[in-house]
Amino acid sequence: MISINIYEILMQMFNFGVLLFFVNKLLAKPVSRVLQERSDRIRTLLDSTEAKKKEAGLLLEQQEKVLHTARIEAKDIRRRAEEAASVDEARLIKRAKEDADRLITNAKKEIDLQVIRAKKDLLDEAGRSALALSSQLLKRHVNERDQRIIMSEGVEQFN
């Protein structure tokens with residue numbers, strides 16, 4: 001038959017209580033504390049990750065603004081450079097035209113001077129030739145027919 005021994009049941013209960021006490025003191029509380037610390041670290045990491053994510057978003061937004069501003073500034077610099085280049089181009093074209101006009105004017109003056117000199121030289125030569133012909137006519141006291149021959153010879157010399 002089965003007998004129930006109360007003393008053994010009480011001892012077993014006492015042993016179980018002592019075991020629960022030591023397990024709670026030595027195992028459950030440290031494991032609970034470790035798990036709580038780990039949970040706190042994870043929560044802290046998640047919070048810092050969220051903060052870093054927001055910070056990265058703000059930095060990205062700032063960088064996009066800076067990039068947009070830089071693009072606008074680059075366009076403005078390019079526009080100003082193009083304007084300056086067109087102004088320089090117009091100035092250079094104007095200066096080139098002025099130089100060309102001045103060269104043309106100087107060349108015309110030089111040509112006019114050379115024409116005047118040539119006319120003067122031609123008149124001097126014509127005067128000398130006329131003088132030479134006249135002296136030849138005077139030296140020869142010749143008739144009208146001879147004068148025509150001498151004149152035609154003199155004219156041929158000019159041609």
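Hydrogens, waters and symmetry mates are skipped; everything else that's a heavy atom, side chains included, is used.
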K.L.:
Mind checking the OG-CZ spacing from S86 to R91? Nearest 0.5 Å is all I need.
P.N.:
11.0 Å
K.L.:
Using a strict cut-off of less than 4.0 Å between a Lys/Arg side-chain nitrogen and an Asp/Glu carboxylate oxygen, indicate whether R78 and E82 qualify as a salt bridge.
P.N.:
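A salt bridge is present here (some side-chain N lies under 4.0 Å from a carboxylate O).
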K.L.:
Within the 4.5 Å heavy-atom criterion, are L20 and F16 side-chain neighbours or not?
P.N.:
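Yes; the side chains approach each other to less than 4.5 Å.
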K.L.:
Side chains of Q36 and D40: donor-acceptor distance under 3.5 Å anywhere?
P.N.:
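Yes, D40 and Q36 have a side-chain donor paired with an acceptor closer than 3.5 Å.
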K.L.:
So, using side chain to side chain donor-acceptor pair (under 3.5 Å) as the criterion, who are the partners of N15 when residues are at least two apart?
P.N.:
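Checked N15 against side chain to side chain donor-acceptor pair (under 3.5 Å); zero matches.
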K.L.:
I'd like to know if K109 pairs up with D112 as an ion pair, taking the criterion as any Lys NZ or Arg NE/NH1/NH2 lying under 4.0 Å from an Asp or Glu carboxylate oxygen.
P.N.:
no
K.L.:
Extract all donor-acceptor atom pairs below 3.5 Å that involve side chains of residues 50-63 and protein atoms in other chains or at least two apart in sequence.
P.N.:
none

K.L.:
Would you mind reporting whether I72 and D76 have side-chain heavy atoms less than 4.5 Å apart?
P.N.:
no
K.L.:
State whether the number of non-hydrogen atoms from other residues, nucleotides or ligands found under 6.0 Å of R71 atom CZ is greater than 12.
P.N.:
no
K.L.:
Tell me, please, which residues at least two apart from E83 pass side chain to side chain donor-acceptor pair (under 3.5 Å).
P.N.:
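Applying side chain to side chain donor-acceptor pair (under 3.5 Å) to E83 gives R79.
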K.L.:
Would you give the length of the straight line joining atom CZ of R128 to atom CG of L123, rounded to the nearest 0.5 angstrom?
P.N.:
11.0 Å
K.L.:
Can you tell me how far the CG atom of L35 sits from the CD1 atom of I42, to the nearest 0.5 Å?
P.N.:
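Taking CG in L35 and CD1 in I42, the distance rounds to 9.5 Å.
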K.L.:
For L103, does the CG atom have more than 12 heavy-atom neighbours from other residues, nucleotides or ligands under 6.0 Å away?
P.N.:
yes
